[in-house]
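What follows is one structure encoded as structure tokens, with my remarks underneath.
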Amino acid sequence: MPILAPNIRFSNSATTKNDTAILLVNGELSANAKANDKKKGGLLSFQIDHNPDFKGECGQTLTISLPPNADYARMILVGIANPKNPKPDQFETAGGKLASLLTMVGASRVVLLNADEISEENLSSMLLGLRLGSYSFDIYKTKKKDDGKKKKFETLTIVSANAKKLAKATDQGLFMSESVALVRDLINDPPNKLYPETFAEKIKSTLVPLGVKVQVFDDKALKKMGMGCLLAVGQASENLPRLVVMSWGGATTAKGKKQKPLAFVGKGITFDSGGLNVKPYEGMMDMKMDMGGAATVTGLMAMLAKRKCKVPVVAVVALAENAISDEATRPSDIVTSYSGKTVEILNTDAEGRLVLADALTYVQKTYDPKLIVDLATLTGAIMISLGLNYCGAFVNDNKMWEQLEKSSATTGEKIWRMPLDESFRREMDSQFADIKNIGAGRFGGSCTAAAFLGEFIDEGRSWAHLDIAGVAMSKTTPTCPVPFASGYGVRLLNKFVEDFYG
Ligand code: BES
Ligand code: ZN
Ligand code: ZN
């Protein structure tokens, strides 16, 4: 598990020595704080009066340096007033902004004095944002940014009359911060370090201690099983494919016996060179993120296990490296998928749908799940359609779409419905095999990709395909200070499971 600063603890009183104090301000100082301030000479009121831009709006801050004889070196006022049209992630953003401010001023031991003046839910979001806002990824730097001279943001003590209860109420936010950071770590890791074998190991070492059962199928096992599509994608790399199955809460392989599990499936291309249909320079640059779907599914399983989700869940990730060698799959090769259908591979860069086809068949054959959500950085076309902030959702079940839409509205992870239609499927008719892996032309690339996947979904099975190619990456934001992996999807799908299934 990634270690996120700061260490957060809850206490009934501010006994430990701290260098920075935080006071939440709901528009203006509370009566309690005002009286306290007056006793201490009125510095806070004076500073508020002389900084008219500080209105105590959610996320606004005002840093006040304190004199040498004071309890702290500085006091930071943090606005928590709800605007008229609150955004779902506003408290997360506020926490993220606060994290960067605390790091900038060199705060090390911080105390939050009046946690009881904010709702537990909003505090939980703020702590999630604060943790995510202090995310870093510098394990490969031999020289640290400030040579260790600057103090690290080490501890945050939260003072509350109900410290124990508050600790319990906010643990979801902390679990989430660790799960999102796990997704980011996996995506940010370079492809010479994270490849199918090491990815599978990492899943084991992270999830088994949380109580998740992990099963790894290596290339030999995959050959025996007949996973022709997954093997074809990975055969040119010395790092051969793996299929990893994670199960939680007694998800069973015995069909129909217990409660049917929910299933999540992830595309895990640890590097997508395009294969013989090689990508150009710009296109290949970011392709270590092509395992983003598998990373998100892994992070989701971590979250579900941490919060002890009540329903059985199974997750399958198909891991392969799409490389080039004399053993590479050729455009026009025909392979047999795990489902038995033959696939003509006409473009080796449309590899995500191939590995997903085998994983989707596997999870249905083995677990007969209640529903499936697959996640994949599947097409560049989804970025043309929806930009970088909306995930494209192809859903064959209206009820499931409504649930996803609601989860999106409460978490702020944006989603937009896209069409599944027979006409897209027809574009993929092959002259020589049952289906080919590309459409007729350049248009509707995300829709033809989704239609291909649909071909491997059983009749009547509820299924959503989320194309996360646009949203898996992020520029710098208050809650994503390292610009690359965003960690999108864990919040959305955890909410989806929690609100509608348990
Ligand atoms: N991994 C890419 C999709 C992608 C592109 C993800 C950019 C993130 C950013 C995928 O495997 C791919 O190459 N898709 C092709 C499909 C085409 C060959 C039919 C694409 O989108 O161009
Ligand atoms: Zn590709
Ligand atoms: Zn790809």
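Remember, it's a predicted structure, so these values are computed and weren't measured experimentally.
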Point to revise | Backbone of Met287 reached by a side-chain donor or acceptor of Asp272 within 3.5 Å | key: no

Review point. Counting distance only, does the side-chain N/O of Ser177 pair as donor-acceptor with the main-chain N or O of Leu132 below 3.5 Å?
Key: no

Practice item. Please name the residue in the list Val183, Val471, Asn389 that meets the side-chain contact (heavy atoms from CB on, under 4.5 Å) test with Tyr488. Key: Val471

Review point. Has the side chain of Asp467 got a donor or acceptor atom that lies under 3.5 Å from a matching backbone atom of Gly392?
Key: no

Practice item. Answer yes or no: is there a donor N or O on one side and an acceptor on the other, between the side chain of Ser134 and the main chain of Ala5, under 3.5 Å? Key: yes

Check your understanding: How far does CE of Met418 sit from OH of Tyr390, to the nearest 0.5 angstrom?
Key -> 13.5 Å

Review point. Counting only N and O atoms by type, is there a donor-acceptor contact under 3.5 Å from the side chain of Trp463 to the main-chain atoms of Ile457?
Key: no

Revision key, fill the gap. Interatomic distance, CZ@Phe10 vs CG@Asp171, rounded to 0.5 Å, equals 8.5 Å

Check your understanding: Could you walk me through whether Phe137 and Phe484 pass the ring-ring contact (aromatic ring centres under 6.0 Å, His included) check?
Key -> CA-CA 10 Å; Phe137 188 80; Phe484 196 73; 9.4 Å; no

Exercise for review: Using atom types as modelled and distance alone, determine if a side-chain donor or acceptor of Asn122 lies under 3.5 Å from a backbone N or O of Ser119.
Suggested key: no

Review point. Taking atom OG1 of Thr411 and atom CG of Asn494, what is their separation to the nearest 0.5 Å?
Key: 9.5 Å

Check your understanding: Roughly how far, to the nearest 0.5 Å, is CE of Met303 from CG of Leu210?
Key -> 11.5 Å

Review point. Any ion pair linking Glu405 and Arg417 (charged N to carboxylate O, less than 4.0 Å)?
Key: no

Check your understanding: Taking atom CG of Asn188 and atom OH of Tyr140, what is their separation to the nearest 0.5 Å?
Key -> 10.0 Å

Point to revise | Heavy-atom check, side chain of Phe91 versus side chain of Pro86, under 4.5 Å | key: no

Review point. Are Asp368 and Arg461 within salt-bridge range, i.e. N to O under 4.0 Å?
Key: yes

**Study point:** Side-chain donor/acceptor of Thr329 to backbone N/O of Ala232, under 3.5 Å
**Key:** yes

Study note, to complete from the structure: One should read off an interatomic distance between Ser273 OG and Glu321 CD, to the nearest 0.5 angstrom, of 7.5 Å

Practice item. Enumerate the residue pairs fulfilling salt bridge (charged side-chain N to carboxylate O under 4.0 Å, His left out) with a member in residues 233-243, sequence neighbours excluded, ordered by first and then second residue. Key: Asp219-Arg242

Practice item. Determine yes or no for a side-chain-to-main-chain donor-acceptor pair under 3.5 angstrom, with Asp89 supplying the side chain and Gly412 the backbone. Key: no

Exercise for review: Could you check if a side-chain atom of Thr342 sits within less than 4.5 angstrom of a side-chain atom of Glu344, using non-hydrogen atoms only?
Suggested key: no

**Study point:** Sidechain-backbone polar pair: Lys436 side chain, Glu427 backbone, donor-acceptor under 3.5 Å
**Key:** yes

Check your understanding: Does Thr410 use its side chain to pair, donor to acceptor, with the backbone of Ser407 at less than 3.5 Å?
Key -> yes

Review point. Are Lys267 and Asp290 ion-paired here, with the side-chain N under 4.0 Å from a carboxylate O?
Key: yes

Point to revise | Note, Thr298 side chain near Phe199 side chain (heavy atom, < 4.5 Å) | key: yes

Practice item. Give me the one residue out of Lys87, Lys97, Arg491 that meets salt bridge (Lys or Arg N to Asp or Glu O under 4.0 Å) with Glu92. Key: Arg491

Check your understanding: Does the side chain of Asp397 come within less than 4.5 Å of Leu371's, by heavy atoms?
Key -> no

Check your understanding: Between Phe424 and Phe452, is the ring centre distance below 6.0 Å?
Key -> no

Point to revise | Pairing of Arg425 and Asp429 as salt bridge, 4.0 angstrom limit | key: yes

